[in-house]
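Okay, so here's the structure we're looking at.
Sequence lines set the chain letters: A, B, ... in the order given, protein chains first and strands last, and positions in each chain run from 1. This is a predicted model, so every value here is computed, not measured.
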Amino acid sequence: MKLTLHTAPEVPLEAEVIGPTSLNGLTEAEVSALTVHHGNRKEALGEFFTVTGKMNGRLELEGDLSFVKLLGKGMSGGQMIIDGNVSGHLGVGMSGGRIVVNGNAQDWVGEDMKGGSIIIKGNAGHMVGCVVRGAEVGMQGGEIIVHGNCKNEAGGGLRRGLIAIGGNSGDFTGLNMLAGSIFVLGEMGIRTGAGMKRGSIVSMKPAQMLPTFSYSCTYQPIFLRFYLNYLRELGLVIDDAWLTGSYQRWCGDSIELNKGEILLYHS
Amino acid sequence: MSSTLRIVNGKVYDPANDIDGQVRDVCILDGKIVDSVPEDAPTIDAHGMVVMPGGVDIHCHIAGSKVNLARKFQPEDHRYDPHPGTEYTRSGSGGVVPSTFATGYRYATMGYTTAMEAAVPPLSARHVLEELEDTPIIDKGYYVLMGNNSMLHQLLEKGRMEEFREAVAWWVKATKAYTIKLVNPGADEMWKGKKNANITALDQKIHAFDLTPRKVIKALIDVANDLGLPHPAHIHCNNLGHSGNYETTLETMRTAEGRRVHITHIQFHSYGGEVGKNPVSAARAISDFVNDNPNISADVGQVMFGKSVSMTADAPLAWMLRHVKERKWINADTECESGCGIIPFEYQQHVYTHTLQWAIGLELFLMAKDPWRMVLSTDHPNGGSFLNYPRLIRLLMDRDFRNQEATRVNQKAIGKTSLPDLTREYSMQEIAIVTRAGPARLLGLKNKGHLGVGADADITIYDEMDNKEEMFNAARFVIKDGHLFIKNHEFCADHSGRIFHIAPEYDKSIENEIRSFFDDYYSVQFDNYPVSDTHVHNTEVIANIPVT
Amino acid sequence: MTETMILVPMRTTKQGTTLNAGKLKDAYKETTSTAEIKQEDMDRLGLKKGDRVRLRVGTHAVVVSCIPRKIKVTDNSSGLIFMPYGPTTSALMVDGDTAGTGMPASKHLVVEIEGPLAPEEDDG
Amino acid sequence: MDKNTATEKNTTIIKNATCTFCGCVCDDMELTVDLDEKCIIKSKNACVLGKAWFSEHSVDESRPVALIDGKEASLEDAIEEAAQILVNARFPIIYGLSDTTSEAQRQAVAMADYLSANIDSTSSVCHGPTGMGLQGVGEPTTTLGEVKNRADMVVYWGCNPTDCHPRLSTHFTVMPKGMYIPNGRKDRTVINVDIRSTSTTNIADLFVQLKPGSDYELLSALRSISRGRRLNPSIEEQTGVPMATIEDVAHRLMSCNYGILFFGMGLTMTRGRHYNTGALHLLAADLNEHTHFVVKPARGHGNVTGADTVMSWQTGYPFGVNFNRGYPRHEPGEFTTTDILVRGEADAACIIASDPIANFARPAIEHLKKIPVISFDPKPTPTSQIARVALTTACYGINVPGTVYRMDDIPIPLRPAFESPFPSDLDILKPLTERIRELKAH
């Protein structure tokens, strides 16, 4: 099935009904009649999107969706391919399936994510796969791959799963992380791993470490090869030198358990 | 404008008037229960339903500065439980500490029409009153914290008992409170002044004062009785949550020397064992004492499994819980008056202590000989949300359900209690006592908790069902002050409810002394402290009881 | 001459009192368009008290007057410009990104300072 | 109130009046009011800011009560126009609220609820990140009287109360004698942490100057020492503070009897924002393992704390609240006003007692100028100048009674000095809300 934006929303459009799981089994007419929230008004999905084709587990979206929030909420399977930019809360609470965005996404990609994968070909906003405000436990499984850059707080409170950023990340990458893995192939902002208890953050560029992190050694971690080869398969550009290179290992945050690690490519 | 209503064909449970399930009419005129109404009055056919007075919660934390801090710092709790508005009602957010509107509507949905906020420092009286005004449908009031008041401590250590009594009366009146509340008396001075220490015994010296908790407790129990407050001193004993604390609880009850006193969330104060080690149940000892002493009343403070928030004026308690698991924590000191601690918590079935607490609460219910004096509470949200009441009622009424639940919990803990041997099942009438008639009588609210002529027409009508949790979860009809506002489970009107307070008389000359204390030690002006009569609307003064 | 410095908008007593008098009045406009710069920075830039300077962030610029900071306690804050909050500092808050907080990074603006300006040079 | 009022010719004296200029909300003002001229001629006990607040809020009766598109209009017409604007909007926003009574704030939230609008206070560009820090880690805190009575350690971090809250030190925290502070200032240690020296530095025993933007690092270092953990020597380079100084400060904080950390925009408005404030809250929490320690944001506007308080009890959330879906949701960065405007989402705005046109980031101002704006303010401001509907209001505390919440959450009553011919915010919000409900019902 394909949804093509024919009328741009004037104010934010909350369209959590749009996702391969929630549209499964519905006809074009039924999908067009679904309710979306245009600011404080309820309107029919068909007021904004042209719906074509049958739902067979694969949903395509086309258009500038930079005012459209909550796409793919709670999806548990299937595929959603988006040609265009999207607004916030993409794939919130998803437990399975795959979202590909050929464009940029705004804040809160993969909030409360439990499984499945999200691939952003462009850039992502703040709080990629980050724990919601006030809670301790963030993303609990799945993968988020951002080919471009992301902003602050990527992987905050991460419990399980993989977040990979092809470009740069902002401040507080892996903040209060509990476990899991974060890869940033470009540069990270400041205060990486602040408050982290366990887990691994890997970057290919030098980074400023907080004073509560301490240098432990430089070594060649074998497990990184598997990860990096996997990221290469997903389409991220991986330098061969990274596969066999040495990495500085920093551990912290010493205010917490001091069992987290940050690996920085050295040579 | 007169409004009439007749409820027919329902099974009426009105323990205060010895009506136990008889089918009879209930008539309403202008917000009150009356003998009869004209033949053509509108009727509600309650066939197959149970008619009871509206529920009365004697102890919960639903409004005021600490409740609001607990709301403010838990967005993660509200976000998954929004409370949409309707044509008639405001929206809000739920979770363990709901917004004021959601609190009122959710209580009402369960058939509760009165609830008392249990602990507010006098300095934030205006705040709690404003929140209570924004808590719809239900009637409400609040208890003012007096057990750690520096000025009162000073009067007491000098033995100036008359001035002490006048000062207490001034404070209660100035803050429009409903009664005197004590929380871990004497502990705040240790907490704030002695680097986070705590009180551990009734005869321990309170830091910086020539005074002991026992003297504070005795004096405030006496003042409440001497002033004839409709509800006596409401006491959260020392040593809450500590193994072996039941002895402190017994000592506190003995301190009353036969005078009226209410011990709140007594479950949390019924632990045997040694300090610092695992607790065991001391429900039998506590229950025996309460059973034998008619001057004592209590609410249980049942623990229910799941999410809770420890939210208390007992700051050292929250600090202790922070060491159980390091998580976000609030402490809030109020000058010269109180402490406060807040910490999110979760009671888990597999944990020894949590199971033990759950079982002790049930033991206390099932061992109580006089349900009028051992009433229902979860110390919302400390033992669990008030939304757990229907489930708690089922645990009390349905032995099979209780036994089945007991198989899911920590068996080592259950083995140390007498719960498996307690076969009692609460009757519908006893439920009406512990959720309505009992708390209303303990509060001295003569027009609440019963359906006799002259009572407030606060009435709940439930579908009679085998599953008591489902039955008490959502009343089919709820009537408040004679107005129907829940009809077939849906809101059909809104209502603002009243704020109850007391206004004891006092000798005006005490004001000079308090004023001078304020000038030295408070950060607000004495003249700006008392709450004016126009500050909130819909207030009602409840008269003192004659002192004999 | 031109140099990159950090502009820190702040509050002052004068900003507070003139705000009460009215935001459309000259006293408020004047105090919220006066940059305080450390004497050594002013010397290096060739600035005198009351000189006009241009502060630029990207394509946006404002012209303000400058005065030396009064410092009683030893202070190593060279490279910093302090100016009371107001429409002038807001005009240099070009980046509205709040990093998921609602709060733009308004106390740490990297600006290009140019001056002293000739009297006839105006805004922009 | 009568007993506090003594009449003498055309003047009256109001005792125990409350100043609502800043978050100190001092309630010991003695105001001399000229009833003919409708102005306050003397304000005893007020600080320099309070004196300006009282003296500059005389009433200009020549001003119109309302302007629609810059033309004089009646209050009724202005309310009708405002109701139409708000009801017709799909994403109306309500913003401001820090300089009005809690009664008006309660009504504003009700209006937002009925409108399914977005509501936010100036907290979001003030101590909003402090609220977020609280949501993340909690907060050990106190009322100001306990600071007066007990605090032997007062830290001012990234704030300058001597300029911004002049009576904070003199009336509440540093100078006064208290129950366990018999000698006042002499019994206290004052530490000032900032990127620059200020007038507050002059009253401090110790000044710790750090590099701009390194607060989080310095806070982490102090927490690390407090917990007995290892600290990387890079801290000196990162913060510009010598290790010996850091250790000295940590030791002093750990060994006091009752300590308090006051902080301001130096933490909330710089990189790190809510994690700066969170780290500061955690430092205070950690110090409770050694002694009693509390924190307090030095809050700005007279009732900005009330805005947080009221919004929390009515919605569960302190600021940045959205009712579009018929119930409150909270997401800083999404439902906070700057973000909504920067992304160009709002299609109408109701600004109550604040001035975003003067204070917001440039792209936010640009969008605000494109949409219909309703403004409430006692004085003309840059925002009222661009408003479609500009309402002139009476000033809270000076003309309007009610309750305000001090920076430490204490509710304080207002004793107005004289009557204004203009309506209060509440006087307008009530009929506006009623009219909105009528229009929505159809």
Kindly determine whether B:R79 and D:R329 satisfy side chain to side chain contact (heavy atoms under 4.5 Å, CB included), including the steps that lead there.
CA-CA 7 Å; B:R79 73 185 290 138; D:R329 289 179 297 168; over 6 Å; no

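No part of B:S65 comes within reach of chain D, as not one of its non-hydrogen atoms sits under 4.5 angstrom from that chain. Neither the backbone nor the side chain of D:H281 comes within contact range of chain B, judged by heavy atoms closer than 4.5 Å. For a residue to count as touching a neighbouring chain, one of its non-hydrogen atoms must lie under 4.5 Å from one of that chain's; by this rule B:W319 touches chain D with the side chain only. Heavy atoms of B:Q74 lying under 4.5 Å from chain D are absent altogether. Residue D:V295 does not touch chain B at all, counting heavy-atom pairs closer than 4.5 Å. Only the side chain of B:E326 comes within contact range of chain D, with heavy atoms under 4.5 Å apart. Of the atoms belonging to B:H83, it is backbone heavy atoms, and not side-chain ones, that fall under 4.5 Å from chain D. If you measure heavy-atom distances from D:T315 to chain B, the contacts under 4.5 Å come from the backbone alone. Contact of D:N257 with chain B is made through backbone and side chain together, with heavy-atom distances under 4.5 Å. There is no contact between B:D81 and chain D, counting heavy-atom distances below 4.5 Å. When heavy atoms are compared at a cutoff of 4.5 Å, D:A110 approaches chain B by way of both its backbone and its side chain. Proximity to chain D involves both the backbone and the side chain of B:C336, based on heavy atoms less than 4.5 angstrom apart. Heavy atoms of B:S532 lying under 4.5 Å from chain D are absent altogether. The parts of D:E289 that come within reach of chain B are both its backbone and its side chain, each placing non-hydrogen atoms under 4.5 angstrom from that chain. Contacts of D:F323 with chain B are made by side-chain atoms alone, with heavy-atom separations under 4.5 Å and no backbone atom involved. Residue contact with chain B, scored on non-hydrogen atoms closer than 4.5 Å, involves the side chain of D:R406 exclusively.
If you tally non-hydrogen atom pairs under 4.5 Å between each of D:Q135, D:E103, D:R437 and chain B, the highest count goes to D:Q135. Chain D forms the most heavy-atom pairs under 4.5 Å with one residue out of B:H127, B:R327, B:H323, B:R71, and that residue is B:H127.
We find that B:R515 and B:D520 are not joined by a salt bridge, their nearest charged nitrogen and carboxylate oxygen being 4.0 Å or further apart. Salt bridge absent: B:K194 and B:E189 never bring a charged side-chain N and a carboxylate O closer than 4.0 Å.
Contact of the B:K192 side chain with the D:E146 side chain is registered, since non-hydrogen atoms from C-beta on lie closer than 4.5 Å.
Ring-plane geometry between B:Y522 and B:F518 is classed as parallel, the angle between the planes falling under 30 degrees on a 0 to 90 degree scale with a further cut at 60.
With sequence neighbours left out, D:Y258 forms a ring pair (Phe, Tyr, Trp, His ring centres under 6.0 Å) with D:H292.
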